[in-house]
Number of protein chains: 2
Amino acid sequence: MWLRTSSREERGGPPLSRRRIVDEAVALLDAEGADRLTMRRLAERLGTGSTTLYWHVKTKDDVLDLALDAIFAAVPIPEDQEWRAGVTRLIGDWRATLLRHPWSAALLGRPMLGPNVLARSDFLYAALVGAGVTEPHLTAAAFGLSNFVIGSALMQATWLVNADAETRDAARDHMAQQSDRYPALAAHGPLTATDGWDESFERGLNWLLDGIEATVATG
Amino acid sequence: MWLRTSSREERGGPPLSRRRIVDEAVALLDAEGADRLTMRRLAERLGTGSTTLYWHVKTKDDVLDLALDAIFAAVPIPEDQEWRAGVTRLIGDWRATLLRHPWSAALLGRPMLGPNVLARSDFLYAALVGAGVTEPHLTAAAFGLSNFVIGSALMQATWLVNADAETRDAARDHMAQQSDRYPALAAHGPLTATDGWDESFERGLNWLLDGIEATVATG
DNA sequence: CGGTCACTCGAACAACGATCCGATGGAGGT
DNA sequence: ACCTCCATCGGATCGTTGTTCGAGTGACCG
């Protein structure tokens, strides 16, 4: 009896649940990246066998979908704000969350239909409608803002993930070596520098918001 | 001698080369999608052994990087146009190419440093500089436009790839079932419809271009 | 003719996602 | 106290993947 191996202490704390699996998956993704997430490794961190996970979850893709939606719980839904301030905050927090979990960039190519994502998309639509934006500008505004955040986070996360000095230096050398072939790029584009990205993001976001705001003024 | 299996006719035509591998990889990706691309299957289509590919290419990721860059050869670099028309064309063709090869969306999370991508980025920078856009607006403009195309194509390709009626209907049902939880979304957002995307894309692009144009007017 | 060089490929390895089938253990009934 | 049931777990295993190793093959050059 005391030699039993399956006491709750020797396993990973509370009983296994979909919730615990997803939380641990996010932790593992944060720590080691998207390609290091394995059902076996995930199970090991949870103190269970790998096959046990399949009782709570149908496939590995489900884990990824759930993990991707889970991180957006950290994006607060603004309340009682003027529409533009609220949208700016939502989009900014959205981007910050994507960048805090750079592995999420690689997963953006799958349908995002989780409750957290839907709730925040719903807020976005509601805020735009409340601002007086009407079709066909409404769809364009919602899509434009979403696409802008996603693209922005994807590009920046690409360089956050490959942040090893080797890749970075190789890229810089590669560019410098062919600076005659890409003159404008060599003169202005620090492609691997993530310094001005926050400011650039804000600028682009404001261009979009200005355009959206103009449609409600002129109809 | 006549029993020899390695005559050129029994293998795949001309001798193997990096060029042929990449072309066939693009064809395979177009035909079956990103997850069906296997070194073995790719080799089979080329009429060679799977391990032979590793003589011309270091890893599978190299094949993906090369294939991703290869498709942008189909994006013509505009010439002799007013800057806004040229940029609009470039971005539009860029998006069209991404959508013509929907598997590319899943690969956008990797550094794009191929010659085709760099040449077109160089044109974008040059066009903006020629228009009189200066820092810090220049970086923001280039990033904003790039991010917008990438995000837009990524979102739309997500639904092109999962275009099976099953997934689509399931998504629609899932939304309709919880329309009380997401009222604004249910009222306006046909998330799975790709109808108005072209128009929405153009609208968003023009908002960005308007904003960029304004910075050159006011300094 | 001998040798070098570019190129090819079968066998093999480790790791992966996924699944079968059996073991375990606690709750609840009798 | 015993049995039954069912949620929960895991060892063994299957098929597939990316990649390496070393042995080949033929063309070309001296």
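Reminder, nothing fancy here: chain letters follow the sequence lines and each chain counts from 1.
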Ignoring backbone atoms, establish whether Thr48(A) has a side-chain N or O less than 4.0 Å from OP1 or OP2 of dC9(D). no
Between Arg41(A) and dC16(C), does any side-chain N or O lie under 4.0 Å from OP1 or OP2? yes
For Asp122(A), what residues pass the side chain to side chain donor-acceptor pair (under 3.5 Å) criterion, not counting sequence neighbours? none
Could you check how far CG of Leu53(B) sits from P of dC7(C), rounded to whole Å? 14 Å
Rounded interatomic separation in angstrom, taking CZ from Arg40(A) and P from dC14(D): 14 Å
Base dG10(C) to side chain Thr51(B), donor-acceptor N/O within 3.5 Å cut-off: yes
Looking at Trp55(B), does any N or O in its side chain come under 4.0 Å of the phosphate oxygens OP1/OP2 on dC7(C)? yes
Provide, to the nearest angstrom, the distance between the OH atom belonging to Tyr54(B) and the C1' atom belonging to dC13(C). 13 Å
Sorted by chain and number, sequence neighbours left out, ring pair (Phe, Tyr, Trp, His ring centres under 6.0 Å) with Trp103(B) holds for His101(B)
According to side chain to side chain donor-acceptor pair (under 3.5 Å), who are the partners of Asp61(A), at least two apart in sequence or on a separate chain? none
Roughly how many Å is it from CE in Met39(A) to C1' in dC14(D), rounded to a whole number? 17 Å
How would you list, by chain and number, every residue that makes a ring pair (Phe, Tyr, Trp, His ring centres under 6.0 Å) with Tyr54(B), sequence neighbours excluded? none
Within residues 57-71 of chain B: residues closer than 4.0 Å to DNA chain C (heavy atoms): none
How would you label the contact of Leu37(B) with the nucleic acid (heavy atoms, under 4.0 Å): base, sugar-phosphate, or nothing? sugar-phosphate
Tell me if a side-chain donor or acceptor on Arg45(A) pairs with a main-chain N or O of Arg41(A) at a distance below 3.5 Å. no
Calculate the interatomic distance between Arg36(B) atom CZ and dT16(D) atom P; express it in whole Å. 12 Å
Could you state the atom-to-atom distance from CD1 of Ile21(B) to P of dG18(D) in whole Å? 14 Å
Measuring centre to centre across the rings, with the benzene-like ring taken for any Trp, is Phe201(B) within less than 6.0 Å of Phe148(B)? yes
Please name all residues satisfying side chain to side chain donor-acceptor pair (under 3.5 Å) with Glu79(A), sequence neighbours left out, ordered by chain then number. none
Within less than 4.0 Å of OP1 or OP2 of dT8(D), is there a side-chain N or O belonging to Thr52(A)? no
Take the protein atom CD of Glu44(A) and the nucleotide atom P of dC9(D), then report the distance between them rounded to whole Å. 17 Å
When you measure from the side-chain N and O atoms of His56(A) to the phosphate of dC9(D), is any distance below 4.0 Å, counting only OP1 and OP2? yes
